[in-house]
Amino acid sequence: MATPLSDPSLSPLKTIAVVGLGTMGTGITEVLATAGREVIGVDLSEARTAAAVAALEAATAHSVERGRLTGEERADALARVRTSTDLGAVADADLVIEVVPESYEIKHQVFRELDAIVRPETILATGTNALSVTRLAADSARPERVLGLHFFNPAPVMKLVEVVSSVLTAPQAVAVVTDLAVELGKEPVAVGDRPGFVADGLLFGYLNQAAAMYEAKYASREDIDAAMRLGCGLPMGPLALLDLIGVDTARTVLEAMYAESHDRLHAPAPILKQLSEAGLTGRKSGRGFYTYDAPGSATVVRDAQTPLEGGSLTPGRAVHSVGVAGSGTMASGIAEVFAKAGYDVVLAARSDEKAQAARARIGKSLSRSVDKGRLTAEAAAQTLDRITPAGSYEAFAGVDLAVEAVAEDLEIKQQLFRTLDKVCKPGAILATTTSSLPVVACARATSRPQDVIGMHFFNPAPAMKLVEVVRTVLTADDVHATVREVCGRVRKHAVDCGDRAGFIVNALLFPYLNNAIKMVQEHYASLDDIDAAMKLGGGYPMGPFELLDVVGLDVSLAIEKVLHREFRDPGLAPAPLLEHLVAAGCLGRKTGRGFREYARR
């Protein structure tokens, strides 16, 4: 069933020119033409113009195959597009959208030439995602008619459009372009003029930190990318995304952001400069953070940085039984994971009642899995039978692996590790699930720090596939090898990282969340617009404020403080708005109010 086309009679912008027919310009042309607009595509390169026409023909043919357009609608859309290598062809356009390379010099030249070509009432839009719209408008003969119209790639698919106004932009111009975006089936977000706007302003700081993390050899590119995909539900890892965007483009965006903010989080990681200047710009060149089988290809091939297959050469220790310390949601979830994988599990808490309650919670979880058809009733019963509740940690005397999941408090964890050191047999591995505390501080509370490691599961443990395996400088090789093997047996994806605050996921996630809070604090954009921008423009499963309210503002503040204390970067200081909300008891969904209010259950 073909989708109905928008009625161009609703908008005064009937003829629209697109200047620059690269990937983005071609995508915008497709969006406009299939929505009923007359489109003039201009590029100085005859080869790019021809490539754009071929891409439009292929894309619209695919839309017919998928039932999104009829054959007649496709023919009409293609007939509405005319191309030229002469900028003078845009003289009759009601709106001109430039998507030429991210360079002030190139864009200024285009705007100067447009001033002499278009009608006085024509609106000029820049598709920049990094440069100042105000600076471009100030040099135009009609600054009140200049604004930003930032589509996201691929334009036919991505719903978000950022409509960027400068202090010079006329409100009427913003209104008519916003209406056009709605008629194109997009979701426009109104933002002011600052580098990166909302989506890229948050996204590129995160990408930059990921590049710096890789450059520091803290974790492999594969582990960084897997951690953010599996730990946060993102469609792509940050380094793969940098390759897709273009390493040189990312560097340009970050340079513009840093010039404005002077925030170290936006100072481009040196590796971005090194790769750019070497011509290793990502997929388009065939090599960036990864190596591809050809320029423009998405197929990654092995290179010198690719991990060896077959895992560790160090033999691990035998693990048959597992002890899980704690009675909360995380402890119950971890115990369920191990029992499902066939391990005998001792679930120990500070009292028999707490341990029995935790086991009962696992029973309910298994019953839900049976109801949903994910597990047979027999398998659920066998899983529950493998879990033995205990009201004392003395029950860990025979376990091969002890995993603690108690309160995120260093003194509490250290006291528990002292106890585990006494009750667990020699050779037993002791693991902490901490998400923010130093693993080595737990290890030093024992007489066997070589046997201590971090196993950071994500909540809910039965569903989340990621485990961050955290080695300290004292962790033995065979302990690390054992935990990697165990993660495979429980069907979790293990990523390796060192013992520093935030490990991989939280170290990249929480500065991004903090920056989103700063945007609201500075009245740059609303909660709803920021959440929409990140879901629609970045492919995030939740907007930052939705996620903050789910995680808990108190938990988020605690992690922000740990990151700030460890890295001593002023840009990591918790946003005052977050501190104020926590002080007021507005902790998110669990209290009924955080950044938003929630109905009490």
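Contact annotation: the side chain of Glu408 approaches that of Ser436 to within less than 4.5 Å [non-hydrogen atoms, C-beta and beyond]. The closest side-chain heavy-atom distance from Val399 to Val322 is not below 4.5 Å. Looking only at side-chain heavy atoms (C-beta outward), Val346 and Ser321 stay at 4.5 Å or farther from each other. The closest side-chain heavy-atom distance from Ile517 to Phe595 is below 4.5 Å. When side chains are defined from C-beta on, Phe152 does not count as touching Asn129, because their heavy atoms never get closer than 4.5 Å. Under the 4.5 Å side-chain criterion, counting only non-hydrogen atoms from C-beta, Ile245 is in contact with Phe204. Side-chain atoms of Pro544 and Ile530, non-hydrogen and from C-beta on, do get closer than 4.5 Å to each other. The side-chain heavy atoms of Pro460 and Thr329, taken from C-beta on, include no pair separated by under 4.5 Å.
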Test log, rule side-chain contact (heavy atoms from CB on, under 4.5 Å), inputs Lys561 and Glu579: CA-CA 10 Å; Lys561 286 181 175 178; Glu579 295 183 301; 4.1 Å; yes
Given side-chain contact (heavy atoms from CB on, under 4.5 Å), test Val301 with Tyr292 step by step and report yes or no.
-> CA-CA 5 Å; Val301 296; Tyr292 302 87; 5.8 Å; no
| request: Show the numbers, then the answer: is there a side-chain contact (heavy atoms from CB on, under 4.5 Å) between Leu547 and Leu509? | output: CA-CA 10 Å; Leu547 182 56; Leu509 174 64; 4.0 Å; yes
* Asked: Going through the distances and angles, do Arg471 and Asp477 end up as a salt bridge (Lys or Arg N to Asp or Glu O under 4.0 Å)?
  -> CA-CA 9 Å; Arg471 293 189 70 162; Asp477 289 343; 2.6 Å; yes
| Derivation and outcome, side-chain contact (heavy atoms from CB on, under 4.5 Å), residues Thr432 and Phe417 | CA-CA 9 Å; Thr432 172; Phe417 271 85; 3.8 Å; yes
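Heavy-atom minimum distance, Leu474 versus Pro449: CD1-CB, 3.7 Å. The minimum heavy-atom distance linking Thr314 with Ala481 is given by the pair O-CB, 3.4 Å. When all heavy atoms of Ala325 and Ala331 are compared, the closest pair comes out as O-CB, 4.2 Å. Shortest non-hydrogen contact noted between Ser435 and Asn506 is O-ND2, 3.5 Å. When all heavy atoms of Asp223 and Asp496 are compared, the pair lying nearest together is OD2-N, 2.9 Å. Smallest separation of non-hydrogen atoms from Ser327 and Ser332: O-OG, 4.2 Å.
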Output a table of donor-acceptor pairs, distance under 3.5 Å, between side-chain atoms of residues 374-391 and any protein atom two or more places apart or on a different chain; print 'none' if there are none.
residue: Thr376; atom: OG1; partner: Ala379; partner atom: N; Å: 3.0
residue: Thr383; atom: OG1; partner: Ala379; partner atom: O; Å: 2.8
residue: Arg386; atom: NH1; partner: Ala339; partner atom: O; Å: 2.7

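One finds the CZ atom of Arg589 at 12.5 Å from the CG atom of Leu553 (value rounded to the nearest 0.5 Å). Rounded to the nearest 0.5 angstrom, Leu466 CG and Met228 CE are separated by 9.5 Å. Within the model, atoms CZ of Phe510 and CG of Leu557 stand 10.5 Å from one another, a figure rounded to the nearest 0.5 Å. Taking CG of Leu280 as the reference point, atom CD1 of Ile271 lies at 10.0 Å (rounded to 0.5 Å). Considering CD of Gln415 and CG of Asp409, their distance stands at 11.5 Å, rounded to 0.5 Å. Ser447 OG to Gln450 CD: the interatomic distance, rounded to the nearest 0.5 Å, is 8.0 Å.
Listed for the Glu566 side chain is no donor-acceptor partner under 3.5 Å among the backbone atoms of Arg500. Side chain of Lys590 to main chain of Val551: no donor-acceptor pair is present (N/O by atom type, distance under 3.5 Å, no hydrogens or angles). Under the 3.5 Å distance criterion, the side-chain polar atoms of Ser285 are matched with a main-chain donor or acceptor of Gly279. With hydrogens and angles ignored, the 3.5 Å screen pairs no side-chain donor or acceptor of Asp478 with any backbone N or O of Pro315. Judged by distance alone, with hydrogens and angles left aside, the side-chain atoms of Tyr512 form no donor-acceptor pair with the main-chain N or O of Gly205 at under 3.5 Å. At distances below 3.5 Å, at least one donor-acceptor pair connects side-chain atoms of Arg448 with backbone N or O atoms of Asp421. Using a distance-only test at 3.5 Å, with no hydrogens or angles considered, a donor-acceptor pair links the side chain of Arg317 to the main chain of Gly427. Side-chain atoms of Asp248 never come within 3.5 Å of backbone atoms of Ser276 as a donor-acceptor pair (strictly under, hydrogens ignored). Counting only distance, with no hydrogens or angles, the side chain of Arg264 and the backbone of Asp569 share no donor-acceptor pair below 3.5 Å. Looking only at distances, no side-chain donor or acceptor of Asn459 sits under 3.5 Å from a matching main-chain atom of Met330.
For the 3.5 Å distance criterion, the side chains of Thr475 and Thr472 qualify, holding a donor opposite an acceptor. Between the side chains of Glu102 and Thr249, not a single donor N or O lies within less than 3.5 Å of an accepting N or O.
In this structure, Glu336 pairs ionically with Lys340, as a charged nitrogen and a carboxylate oxygen lie closer than 4.0 Å. Looking at Arg359 and Asp352, no side-chain N of the basic residue comes within less than 4.0 Å of a carboxylate O on the acidic one, giving no salt bridge. Taking the charged nitrogens against the carboxylate oxygens, Glu404 and Lys413 do have a contact shorter than 4.0 Å, which makes a salt bridge.
Of the candidates Asp303, Asp225, Asp243, Asp225 is the only one forming a side-chain hydrogen bond (donor to acceptor under 3.5 Å, both in side chains) with Tyr290.
Counting non-hydrogen atoms of other residues, nucleotides and ligands closer than 6.0 Å to CZ of Arg302 gives a total above 12. Atom CZ of Arg418 has more than 12 heavy atoms from other residues, nucleotides or ligands within 6.0 Å. Around the CZ atom of Arg484, the shell of radius 6.0 Å holds more than 12 heavy atoms that belong to other residues, nucleotides or ligands.
Pairs engaging residues 335-354 under the ring-ring contact (aromatic ring centres under 6.0 Å, His included) rule: Phe338-Tyr343 [sequence neighbours left out].
Relative ring orientation between His262 and Tyr258 is described as perpendicular, the plane-to-plane angle rising above 60° on a 0-90° scale split at 30° and 60°.
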